[in-house]
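Here's the structure, in structure tokens; my notes come after.
In what follows, every heavy atom counts, from backbone to side chain, and hydrogens, waters and symmetry copies are set aside.
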Amino acid sequence: MSKGRAESAAGAPGLLLRYLQEQNRPYSAQDVFGNLQREHGLGKAAVVKALEQLAQQGKIKEKMYGKQKIYFVDQEQFEVVSDADLQGLDAKIVALTAKVQSLQQSCRYMEAELKELTSALTTLEMQKEIQVLKKECAGYTERLKNIKAATNHVTPEEKEQVYRERQKYCKEWRKRKRMATELCDAILEGYPKSKKQFFEEVGIETDEDYNVKLPDP
């Protein structure tokens, strides 16, 4: 055993007694070893030996639970707590719990604000964005100026005339398409081949061949 490990083992009883008094709850030797070995460098054997020594000295209590020994501080060393004291502790717990909840809520608000600030543009980025937008606005202004200065504007009367002619031609288109469809259907009733073969032989081209769609009325 190294010198440091020997010193740790020698001071183990006092260390474990203070730990059990502070925690004031039952522990197995494995629990104590797992909780303290990293910080204090205690070995499992040293922990078991120290706990048994404290139990033999009457400084802690020892009980068997199945195949496992449980160690805890003798509760008689603590003062009896009155109902008033318990109520005071309960009130303190409630107050502290409310404070914790309030702090957690504040943390959530600050985290949300931090996230918003982190995702926002920096001053330099905003300055660059402003320059880009100014350039775009200047371009739009120039285009608007040219449009207003143009002399080939369409008058409302001319626009209305275009719409009327469009309706007229679409109506005629729809009429002729219906007539052609009815005529083809009549011929196909006695035609021995398919509709596609008929169109190829006659040389009929449809709107669908050119992805053309008749506008809605």
Distance, nearest 0.5 Å, that separates NZ of Lys59 from OH of Tyr71: 15.5 Å
Which hydrophobic side chains are connected to Met110, either touching it within the sub-4.5 Å cutoff or through other members that do? none
For Glu182, does its backbone N or O pair with a side-chain atom of Asp185 as donor and acceptor, under 3.5 Å? no
Side-chain donor-acceptor pair under 3.5 Å between Glu165 and Gln161, yes or no? yes
Working to the nearest 0.5 Å, report the span between CG of Asp85 and CD of Gln87. 9.5 Å
Answer whether the closest heavy-atom distance between the side chains of Phe199 and Asp209 falls below 4.5 Å. no
Under a single-linkage rule joining Ile, Leu, Val, Met, Phe, Trp and Tyr whose side-chain heavy atoms are separated by less than 4.5 Å, which residues share a cluster with Tyr163? none
Report yes if the side chains of Val202 and Ile187 come closer than 4.5 Å at any heavy-atom pair, otherwise no. no
Report whether Tyr210 and Trp173 are members of the same hydrophobic cluster (ILVMFWY, side-chain heavy atoms less than 4.5 Å apart, transitive linking). yes
Should Leu15 and Leu17 be counted in the same cluster of Ile, Leu, Val, Met, Phe, Trp and Tyr side chains packed under 4.5 Å apart? yes
Point-to-point distance, once rounded to the nearest 0.5 Å, from OG1 of Thr122 to CG of Leu117: 12.5 Å
Heavy-atom side-chain contact between Arg108 and Gln104 under 4.5 Å: yes
Would you tell me whether Gln167 and Arg164 have side-chain atoms, one donor and one acceptor, within less than 3.5 Å of each other? no
Applying ring-ring contact (aromatic ring centres under 6.0 Å, His included), name anything that partners Phe198, two or more places apart in sequence or on another chain. Tyr191
Residues sharing Leu144's hydrophobic cluster, by side-chain heavy-atom contacts under 4.5 Å among ILVMFWY, directly or via others? none
Checking Tyr27 now: which residues fulfil ring-ring contact (aromatic ring centres under 6.0 Å, His included) with it, not counting sequence neighbours? Tyr19
Steps toward side chain to side chain donor-acceptor pair (under 3.5 Å) verdict (Gln105, Tyr109): CA-CA 6 Å; Gln105 184 68 22; Tyr109 286 145; 2.9 Å; yes
Looking only at side chains, do Arg18 and Gln21 share a donor and an acceptor under 3.5 Å apart? no
Check this for me: does any side-chain nitrogen of one of Glu208 and Lys196 sit under 4.0 Å from a carboxylate oxygen of the other? no
Students should find that the hydrophobic cluster of Leu121, defined by side-chain heavy atoms under 4.5 Å apart, otherwise consists of Met126
Side chain to side chain, Lys128 and Val132, heavy atoms closer than 4.5 Å: no
Side chains of Arg166 and Pro215: closer than 4.5 Å at any heavy-atom pair? yes
Leu16 vs Leu36 side-chain heavy atoms within contact, under 4.5 Å: yes
